[in-house]
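For reference, the structure is listed below as structure tokens.
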Amino acid sequence: MTEDAVVDEPDQELLTIGAFAARARLSAKALRLYDRLGLLAPAHVDEATGYRYYRAGQVERARLVAMLRQLDMPLARIAEVVAAGDGPTAAALLGAYWADVEARVAGQRTLAEYLRGRLSGRSSEMYRKFAIETVDVPAQVVITETRHVLAGELPAWIGASLGRLESAARECGGVTAAPFVVYHSEVSMESDGPAESCVPVADEAAARAWAERHGRTWGTKVAVHPAQRLAYTRITKAQVAHPQIIAAFEAVEEWIAREGLEQAGPCREVYFADWEATGAQDPVCDVAFPVS
């Protein structure tokens, strides 16, 4: 008997991989791959021959797996969808995945447009959209939390870490200035910084006592930043998104060089507005570099 024959059992028909592939309009190679990936196991495997047999009722699942793979859905998420079966749960899982895809494509489209402008020599034109100013910042006592983090994880970590630090500031005399995030190295899809969330506080002694109690658990510390001058540009909530924020950083860097100044420390984002209460076009953040 060949692997393409049909096997009959008393209560249920089993199809060989060839017959099942024909019904599912897939190749035997694809079915072997789905089995290897744990997405669609045969109903029975002959121990002597190794032949795979499938139930006719598995056809719809096979077709579903094939279509989900055409959406470039990760294997783990395909497994969640097919495990949910037909119904609103599976539909919701697919909807959530596709919303992620559309958000990613929108971001890539914006990045492509930005890069097109740079490659065509229109960088100066883009930079002129940002007004650059300087501000003198007094010495500050700050409580900080540092993390190695990739770009996709960054927004959630910034919100969570600043929330933790602002809550802790109540034990340190209160918040004295806008919180900020310092980038000690590049944060991207390949580079993980580190980034450092900072909240200025009033009472250095209380801050050091707090850090002594919580530093090991949260990876926090206390630092005293000297007085410094910042070159900055103010951006809206919409511009905080990648890659608009890249253009803001580059605009400040270009201005610093043009003015004959030198960067005196790592770049930062200063968050002076209530993120949840602001709209897309409201100013929320200063993109800044210490200068000398």
Side-chain angles (χ1 to χ4, degrees), residues 6-45 52-113 147 149-164 188-189 236-244 274-282 284:
V6 176
V7 177
D8 291 320
E9 289 194 346
D11 299 320
Q12 190 171 31
E13 179 187 50
L14 289 179
L15 304 174
T16 62
I17 191 170
F20 183 79
R23 288 200 187 183
R25 298 191 294 275
L26 297 169
S27 68
K29 180 180 178 181
L31 293 174
R32 293 188 186 98
L33 174 63
Y34 297 169
D35 181 17
R36 189 163 66 250
L37 297 177
L39 299 175
L40 182 69
H44 173 72
V45 178
R52 296 171 171 86
Y53 298 95
Y54 295 81
R55 296 188 183 91
Q58 293 179 281
V59 167
E60 287 305 313
R61 177 165 178 161
R63 291 176 180 172
L64 175 61
V65 170
M67 288 186 285
L68 292 174
R69 283 178 58 79
Q70 290 181 45
L71 295 178
D72 294 325
M73 182 178 283
L75 299 179
R77 297 187 77 161
I78 291 178
E80 290 178 358
V81 173
V82 296
D86 294 336
T89 300
L93 289 169
L94 174 58
Y97 167 72
W98 194 247
D100 291 344
V101 171
E102 290 183 324
R104 183 176 70 250
V105 170
Q108 290 172 331
R109 184 183 301 112
T110 305
L111 177 58
E113 292 172 357
R147 179 77 59 85
V149 60
L150 295 173
E153 307 159 327
L154 185 62
W157 176 75
I158 288 177
S161 61
L162 290 180
R164 287 190 289 268
S188 66
M189 299 305 293
T236 66
K237 189 173 183 177
Q239 290 173 317
V240 171
H242 188 275
Q244 292 94 319
D274 183 339
W275 184 265
E276 297 300 328
T278 52
Q281 300 309 314
D282 292 327
V284 297

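Considering only heavy atoms from C-beta on, L94 comes within 4.5 Å of M73 through its side chain. Residues V240 and V284 are in side-chain contact: their nearest non-hydrogen atoms beyond the backbone lie under 4.5 Å apart. Here the side chains of R52 and L31 are not in contact, with every heavy-atom distance at 4.5 Å or above.
Screening residues 60-94 for ring-ring contact (aromatic ring centres under 6.0 Å, His included) gives no qualifying pairs among residues at least two apart or on separate chains. Applying the salt bridge (Lys or Arg N to Asp or Glu O under 4.0 Å) test to every pair with at least one member in residues 75-96, sequence neighbours left out, gives these pairs: R77-D100. Residue pairs meeting the salt bridge (Lys or Arg N to Asp or Glu O under 4.0 Å) criterion with at least one member in residues 57-66, sequence neighbours excluded: E60-R63. Counting only residues at least two apart or in different chains, ring-ring contact (aromatic ring centres under 6.0 Å, His included) contacts with residues 20-41 comprise F20-Y54.
Scanning for side-chain contact (heavy atoms from CB on, under 4.5 Å) contacts around L150 gives E153, D192, with sequence neighbours left out. Under the side chain to side chain donor-acceptor pair (under 3.5 Å) criterion, W275 pairs with no residue at all, not counting sequence neighbours. With sequence neighbours excluded, the residues that form a side-chain contact (heavy atoms from CB on, under 4.5 Å) with L33 are R36, L37, R69. Applying the side chain to side chain donor-acceptor pair (under 3.5 Å) criterion to Q281, with sequence neighbours excluded, gives no partner residue. Residues passing the side-chain contact (heavy atoms from CB on, under 4.5 Å) test with A79 are L39, sequence neighbours excluded. Not counting sequence neighbours, the partners of D282 by the side-chain contact (heavy atoms from CB on, under 4.5 Å) test are T278.
Scanning all heavy atoms of the two residues, the minimum distance from L40 to A62 falls at CD2-CB, 3.5 Å. A56 and L15 get closest at one heavy-atom pair: CA-CD1, 4.2 Å. Nearest approach of A24 to V59, heavy atoms of both residues: CA-CG1, 4.0 Å. Heavy atoms only, all atoms of each residue included: A90 and G85 are closest at CB-O, 2.9 Å. In terms of heavy-atom proximity, A28 sits nearest to I17 at O-CD1, 3.7 Å. A pairwise comparison of heavy atoms in L14 and A43 identifies CD2-CB, 4.0 Å as the closest pair.
The main-chain N or O of V81 is never found under 3.5 Å from a side-chain atom of Y97 such that the two would form a donor-acceptor pair.
Rounded to the nearest 0.5 Å, atoms CG (L75) and CG (L68) are 11.0 Å apart. Taken from CZ in R164 to CH2 in W157, the straight-line distance is 8.0 Å, to the nearest 0.5 Å.
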